[in-house]
Amino acid sequence: MNSRTRTTTGYAAQAPGAPLKPYSFERRELRSNDVAMEVLYCGVCHSDLHQVRNDWGGSLYPLVPGHEIVGRVLEVGAEVTRFRAGDAVAVGCMVDSCQHCKPCRLGEEQFCREGMTATYSATDRISGEVTQGGYSKHLVVREEFVLRVPDGLDLSRAAPLLCAGITTYSPLRNWDIGPGSRVGVIGLGGLGHMAVKLASALGAVVTVISRSPSKSADAFGLGADHVLISTDAAAMTTAMSSFDLIIDTVPADHPVGDYLPLLDIDGSLVIVGQIGPMGQPSTVPLVMGRRRIAGSLIGGIAQTQELLDFCARKNILPECELIGIQQINEAFERMERADVRYRFVIDMATLAPST
Ligand code: NAP
Ligand code: ZN
């Protein structure tokens, strides 16, 4: 990044559903509390695909996706105290929030009453510019939203922790999952495979609930104790009332009600996947078993740092397929076919420098 003009380069979609193509743009001049970083790796989240296609409405174009970002600090603003050039750092799904409302004060910036600023396709709170994500060479982010990558965490594999990791870790922690807890994970993709690894590391008995029998061996390899094939009606009946927590990572509209009978009394099904209508699940399994349906959105900054430290301590890393940025459109297609084992990570060294 040229420090005078701050021109950088990345890959952007110019319109809904358009293929990503090389794109040059400006990063902002450093504010006193900003950190400028070189992006080394960026994970490819299913949300990137939703946003590029404008599945949720409101996507802003040109759109540079990417919110699982790992890199090194290049330069810091005058008032930055926690980082200096050369530090290994990370940025997730948020780059700003009001910092004074109750959720912000409680470290739940993702629920900021004024609305958190997403890493891309959002409006910067100060300049009004559109934020652009981590499928790019450089990033400038307010210090409070920069995470420290602990020593010992392989930088080339850490990126997916910033979204897939925290999105699954947060409900595990908030539902007090520990030794002996019975956890189900619906969908063995990017989020799902992290849910398995993290729940297993917390001591839970973990079951992968998947449509794909071909993923069984992988599920056990990732740390699952059981696999339940959701299309096997007899197995679904046998598994009734046997879970304390189910994390649902399915990225499309699906019959949530089919999974509710799997919960034990007071069990919760936490939706982290699809955002939108969920059909009409019957209240019967809720009423007849004091079961709950809940949702969860990423996690706060402090909890994200806790996750990174936990993963470094326990040596937990996502399963990554490293790709060049030129393969990003093909990676999106494979993700749509559920053909990812289990997270694509872009090696940003493959991106030509800005001119
Ligand atoms: P992914 O890697 O594509 O994995 C999704 C998995 O769900 C697939 O591998 C597949 O697993 C299963 N699946 C896919 N389509 C399905 C369908 N129609 N019916 C049933 N199962 C299906 O996606 P991801 O990156 O993990 O993201 C999952 C979802 O979470 C996305 O919608 C994303 O936007 C959302 N998300 C939410 C948050 C949050 O904060 N709440 C954060 C990040 C992402 P099987 O083959 O095992 O069935
Ligand atoms: Zn994500």
Side-chain angles (χ1 to χ4, degrees), residues 42-56 59 65-69 90-94 108-111 116 118-121 133-135 159-172 174 184-198 207-219 222 224 227-232 246-256 258-259 270-276 278-279 294-300 303-304 307 318-321 331-345:
C42 188
V44 179
C45 180
H46 207 112
S47 301
D48 298 340
L49 182 54
H50 289 306
Q51 292 268 21
V52 163
R53 289 191 308 215
N54 199 23
D55 285 350
W56 301 329
S59 289
H67 58 205
E68 295 185 337
I69 304 163
V91 173
C93 302
M94 305 181 274
E108 304 269 27
E109 300 90 345
Q110 72 277 27
F111 303 125
M116 58 94 157
T119 303
Y120 63 85
S121 195
Y135 295 7
L161 297 176
L162 278 300
C163 178
I166 184 59
T167 301
T168 51
Y169 183 71
S170 190
L172 292 169
N174 294 339
V185 177
I186 310 178
L188 195 61
L191 267 58
H193 97 288
M194 283 315 304
V196 172
K197 288 193 178 217
L198 293 167
T207 301
V208 166
I209 306 170
S210 171
R211 308 163 303 171
S212 310
S214 62
K215 291 183 181 171
S216 292
D218 284 2
L222 293 165
V227 172
L228 175 57
I229 300 303
S230 51
T231 49
D232 180 343
I246 295 177
I247 299 182
D248 182 343
T249 76
V250 174
D253 192 7
H254 61 292
V256 172
D258 291 358
Y259 300 96
V270 180
I271 296 173
V272 295
Q274 184 229 355
I275 298 175
M278 63 172 186
S296 188
L297 179 68
I298 48 173
Q303 199 173 50
T304 308
L307 164 72
E319 299 302 311
C320 301
E321 182 175 336
F332 275 177
E333 281 167 27
R334 282 183 53 194
M335 183 181 260
E336 214 160 3
R337 298 197 302 266
D339 175 25
V340 190
R341 303 202 169 192
Y342 279 88
R343 198 58 142 186
F344 292 118
V345 172

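Note that ligands are numbered from 1 as they come in the structure, with each ligand's atoms numbered from 1 the same way. Bear in mind that the values here come from a model prediction, so they are computed numbers and not experimental data.
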Nearest-neighbour protein heavy atom for [atom], which is reported as residue plus atom name and distance:
atom	value
atom 32 (O) of ligand 1	His50 NE2, 2.8 Å
atom 33 (C) of ligand 1	Ser47 OG, 3.4 Å
atom 5 (C) of ligand 1	Pro251 CD, 3.7 Å
atom 30 (O) of ligand 1	Gly273 CA, 3.2 Å
atom 8 (C) of ligand 1	Ala338 CB, 4.0 Å

Within the 4.5 Å heavy-atom criterion, are [X] and [Y] side-chain neighbours or not?
X	Y	result
Asp48	Met335	no
Pro160	Val345	yes
Thr304	Ile298	no
Arg53	Glu336	yes
Leu188	Ser212	no
Met278	Ile271	yes
Val250	Gln274	no
Leu161	Met194	yes

Donor-acceptor under 3.5 Å ([X] side chain, [Y] main chain):
X	Y	answer
Asn54	Ser59	yes
Thr167	Ala164	no
Thr119	Met94	yes
Thr207	Val227	no
Arg334	Asp339	yes
Thr249	Gly187	yes

Any [X] heavy atom less than 4.0 Å from ligand 1:
X	value
Phe332	no
Thr249	yes
Arg343	yes
Cys45	yes

Which of the atoms in ligand 1, numbered in the order shown and given with their element, are less than 4.0 Å from a heavy-atom of [X]?
X	answer
Gly190	1 (P), 2 (O), 4 (O), 26 (O)
Trp56	34 (O)
His46	1 (P), 3 (O), 23 (O), 24 (P), 25 (O), 27 (O), 31 (C)
Gly187	7 (O), 11 (O), 12 (C), 47 (O)
Ser210	45 (P), 46 (O), 47 (O), 48 (O)
Cys163	42 (C), 43 (C)
Met335	3 (O)
Val272	30 (O), 35 (C), 36 (N), 37 (C), 38 (C), 39 (C), 41 (N)

Just to be sure I'm reading this right: ignoring hydrogens, which of [options] gets closest to [atom]? Compare them by their nearest heavy atoms.
atom	options	result
atom 4 (O) of ligand 1	Gly189, Ser214, Gly276, Ser212	Gly189
atom 42 (C) of ligand 1	Asp55, Thr167, Asp339, Asp48	Thr167
atom 16 (C) of ligand 1	His254, Arg337, Arg211, Gln110	Arg211

Check: [X] N/O within less than 3.5 Å of ligand 1 N/O:
X	result
Leu191	yes
Val250	no
Ile298	yes
Leu188	yes
Lys215	yes

Using the test side chain to side chain donor-acceptor pair (under 3.5 Å), find all partners of [X] that sit at least two apart in sequence or belong to another chain.
X	result
Lys215	none
Tyr259	none
Arg341	Asp218

Note on the Zn ion (ligand 2): protein N/O/S atoms within less than 2.8 Å are Cys45 SG, His67 NE2, Cys163 SG

Report the relative orientation of the aromatic rings in His193 and Tyr342; use parallel for angles under 30°, tilted for 30 to 60°, perpendicular for over 60°. parallel

Applying a 4.0 Å heavy-atom criterion (strictly less than), which segment of Ala252 is in contact with ligand 1: side chain, backbone, both, or neither? side chain

With heavy atoms only and a cut-off of under 4.0 Å, state how Ser296 meets ligand 1: side chain, backbone, both or neither. backbone

Between Val270 and Ser296, what is the shortest heavy-atom contact and its length? CG1-CB, 3.7 Å

